[in-house]
A.B. asks: 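Input: one structure, supplied below.
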Amino acid sequence: MMTAALLASKFRLKSLGRLQIVLQHLGMSMHTGAEAGVVLEKKGCAGVITLNRPKALNALNLSMIQQIYPQLKAWEENSETYLIIIKGNGGKAFCAGGDIRAVTDAGKAGARLAQDFFREEYILNNAIGTCRKPYVALIDGITMGGGVGLSVHGDFRVATEKTLFAMPETAIGLFPDVGGGYFLPRLSGHIGYYLALTGFRLKGRDVQKAGVATHFVDSEKLPALEKDLIMLKSPSKEAVATVLDSYHTKSGSGEEKQFILSEHIDKINSLFSANSIEEIFDNLKQDGSSFALQQLEILQKMSPTSLKVTLRQLKEGASMTLQDVLRMEYRLSQACMRGHDFYEGVRAVLIDKDQNPKWKPAVVEEVTEDYLDSCFKSLGSEDLKL
């Protein structure tokens, strides 16, 4: 006959097993020891954040956000921490995005994660954007979606030849969030609008040439760069910039190559400056060049709703503060959770992988202004509080 203690022990093990299954379903882990989704360390003058889900390309989940935020705020207040560095583990990705599968499952089930994930992610994005300590993101490898939010609002973003940047959200019925409405329209000309609508991928030095990264450093030099940064004595932002500038100067690979979009920049600035998606489509058709027709073909595969939401998001965000943009984007995130296209996009791209989403509405002309207005409408007491 089992003792009460043994029974209790077995029950605890079963409960722990069930908890682990639930957490795995939500794309999380128990975060113990070497398996922690994020590693937080104090090294020399710096607080170092290492995203540590290499098998998942360091995709950001709620548990990671909930560990990073309080530590970031603590380091910001700590008189012996002068600098914050964030990087990804595994060599392939800085952070490939948010844990979209978990959010999809939660949204379908009406679970809190569909609200909590976006709310806490955007609060972290704002904390990075307002951090009083120099913040250096080493964006070595894939940097998309949520990974952009962890890097682009900080003082310094260091790209390497392995960096692959994109905001591909219109292909999955979402929009370029994590403050995309703030930083994208502030890029040169209409590059940000082009990147947001088409999901175009920038690689290596082009990430810096586009203005997304502040510096370019050869990937093999990153360990030495990190060492030099953490060995600084009570560094100012200017001192950090001086170290980054010196590594940037020493990293010559790809410098002689023209920016990948340079030959198309005039077309991008004129064709993507229109006030509506319908106008952009008309511009591309009328231009008729192979570049323009290629962009038209790409855009016609995207969610019509996402395209219209994204264009308005960027146009409104161009004159907003980061805080107001994040409040707007939280409203949009919840509109996507209520809608059809996000779930269909995730199904087509990430689950069934048939790459054949059935958007509703199927054409941009059927996405009404009334519907768009409803997406941007205040959520009242449920609005994001920063």
Side-chain angles (χ1 to χ4, degrees), residues 27 29 34-41 43 46 48-61 64-65 68 84-101 121 124-125 128 135-169 171-172 176-180 183 195 199-227 229-230 244 247-248 250-255 257 259-260 349-350:
S29 69
E35 293 174 6
V38 60
V39 179
L40 305 160
E41 303 167 282
K43 292 183 179 180
V48 181
I49 303 163
T50 305
L51 308 174
N52 191 36
R53 297 180 69 209
K55 288 180 182 173
L57 299 177
N58 297 323
L60 185 67
N61 60 35
M64 293 162 74
I65 295 165
I68 294 168
I84 293 159
I85 298 170
I86 186 167
K87 60 182 181 174
N89 193 10
K92 287 185 179 177
F94 166 67
C95 172
D99 201 337
I100 290 296
R101 288 288 291 272
E121 183 182 28
L124 175 57
N125 297 152
I128 292 165
Y135 184 96
V136 180
L138 305 177
I139 53 172
D140 186 35
I142 300 165
T143 305
M144 296 185 182
V148 176
L150 290 176
S151 55
V152 79
H153 303 300
D155 302 296
F156 305 106
R157 287 89 64 193
V158 181
T160 75
E161 73 280 4
K162 295 197 291 183
T163 304
L164 175 62
F165 164 92
M167 295 296 277
E169 288 82 3
I172 57 165
D177 65 333
V178 296
F183 86 88
L195 296 174
F200 184 81
R201 297 178 171 200
L202 292 170
K203 296 175 185 174
R205 196 177 281 274
D206 286 330
V207 180
Q208 185 252 327
K209 288 179 177 175
V212 175
T214 57
H215 294 80
F216 178 88
V217 173
D218 296 329
S219 184
E220 66 181 17
K221 293 187 172 77
L222 288 184
L225 168 61
E226 185 182 339
K227 189 177 175 185
L229 287 172
I230 66 178
L244 293 171
Y247 273 85
H248 177 83
K250 288 185 282 189
S251 299
S253 62
E255 194 174 12
K257 287 183 183 172
F259 177 44
I260 192 166
V349 175
L350 298 176

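Keep in mind that what you see is a predicted model, and the values were worked out from it rather than measured. Side chains included, hydrogens not; waters and symmetry mates left out as well; all remaining heavy atoms used.
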A.B. asks: Does anything in residues 199-210 form a salt bridge (charged side-chain N to carboxylate O under 4.0 Å, His left out)? List the pairs, not counting sequence neighbours.
C.D. replies: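 Those involving residues 199-210 do not exist here.
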
A.B. asks: Find the distance between CG (Asp140) and CG (Leu222) and round it off to the nearest 0.5 Å.
C.D. replies: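 One finds 5.0 Å between CG of Asp140 and CG of Leu222.
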
A.B. asks: With no hydrogens and no angle check, is any side-chain donor or acceptor of Asp99 less than 3.5 Å from a backbone partner on Leu60?
C.D. replies: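 Between the backbone of Leu60 and the side chain of Asp99 there is no qualifying donor-acceptor contact (under 3.5 Å).
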
A.B. asks: Just how far is it from atom NZ of Lys43 to atom CD of Glu226, taken to the nearest 0.5 Å?
C.D. replies: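 Between atom NZ of Lys43 and atom CD of Glu226 there are 4.5 Å.
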
A.B. asks: Counting neighbours of CD1 on Ile260 that are heavy atoms of other residues, nucleotides or ligands and sit closer than 6.0 Å, is the number greater than 12?
C.D. replies: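 Count not over threshold, so no.
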
A.B. asks: Any heavy-atom pair between the side chains of Thr143 and Val148 that's under 4.5 Å?
C.D. replies: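 The answer is yes, as the side chains (C-beta and beyond) meet within the 4.5 Å cut-off.
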
A.B. asks: Please answer whether the main-chain N or O of Lys162 pairs with a side-chain N or O of Thr160 as donor and acceptor at a distance below 3.5 Å.
C.D. replies: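 Confirmed, Thr160 side chain pairs with Lys162 backbone.
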
A.B. asks: Quick check: do Asn52 and Val38 have side-chain heavy atoms less than 4.5 Å from each other?
C.D. replies: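 Asn52 vs Val38: side chains apart.
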
A.B. asks: List for me each residue that meets salt bridge (Lys or Arg N to Asp or Glu O under 4.0 Å) alongside Lys221, sequence neighbours excluded, and say none if there are none.
C.D. replies: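 Only Asp218 meet the salt bridge (Lys or Arg N to Asp or Glu O under 4.0 Å) criterion with Lys221.
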
A.B. asks: Can you check whether Thr214 reaches Asp155 side chain to side chain, under 4.5 Å on heavy atoms?
C.D. replies: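 In short, these two side chains do not touch, never coming nearer than 4.5 Å.
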
A.B. asks: Does CD belonging to Glu41 count more than 12 external heavy atoms closer than 6.0 Å?
C.D. replies: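 Check passes, neighbour count above 12.
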
A.B. asks: If only atom types and distance count, is the side chain of His153 paired as donor or acceptor with the main-chain N or O of Val178 below 3.5 Å?
C.D. replies: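 Yes: the side chain of His153 pairs with the backbone of Val178.
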
A.B. asks: Do Glu121 side-chain atoms and Ile65 backbone N/O form a donor-acceptor pair below 3.5 Å?
C.D. replies: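 Checking the backbone N and O of Ile65 against the side chain of Glu121, no donor-acceptor pair under 3.5 Å is found.
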
A.B. asks: If the condition is side-chain contact (heavy atoms from CB on, under 4.5 Å), which residues does Ala213 pass it with, not counting sequence neighbours?
C.D. replies: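 Ile139, Arg157, Ala159, Val207, Gln208.
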
A.B. asks: Considering non-hydrogen atoms only, spot the tightest contact between Gly199 and Ala166 and give its length.
C.D. replies: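 Scanning both residues completely, I find the closest heavy atoms to be O-CB, 3.9 Å.
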
A.B. asks: Is it true that atom NZ of Lys227 has more than 12 heavy atoms of other residues, nucleotides or ligands lying nearer than 6.0 Å?
C.D. replies: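 Check fails, neighbour count at 12 or below.
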
A.B. asks: Going from CG on Leu138 to CD1 on Ile86, what distance comes out if it is rounded to the nearest 0.5 angstrom?
C.D. replies: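 The CG atom of Leu138 sits 9.5 Å away from the CD1 atom of Ile86.
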
A.B. asks: For Phe259 and Ala210, work out which heavy atoms get closest and say how close.
C.D. replies: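 Closest approach of Phe259 to Ala210: CZ-CB, 3.9 Å.
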
A.B. asks: If you measure from CZ on Phe94 to CG on Leu150, what distance do you get to the nearest 0.5 Å?
C.D. replies: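 Rounded to the nearest 0.5 Å, the CZ-CG separation comes out at 5.0 Å.
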
A.B. asks: Which distance, rounded to the nearest 0.5 Å, do you find between the CG of Leu51 and the CD1 of Ile68?
C.D. replies: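 That separation rounds to 5.5 Å.
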
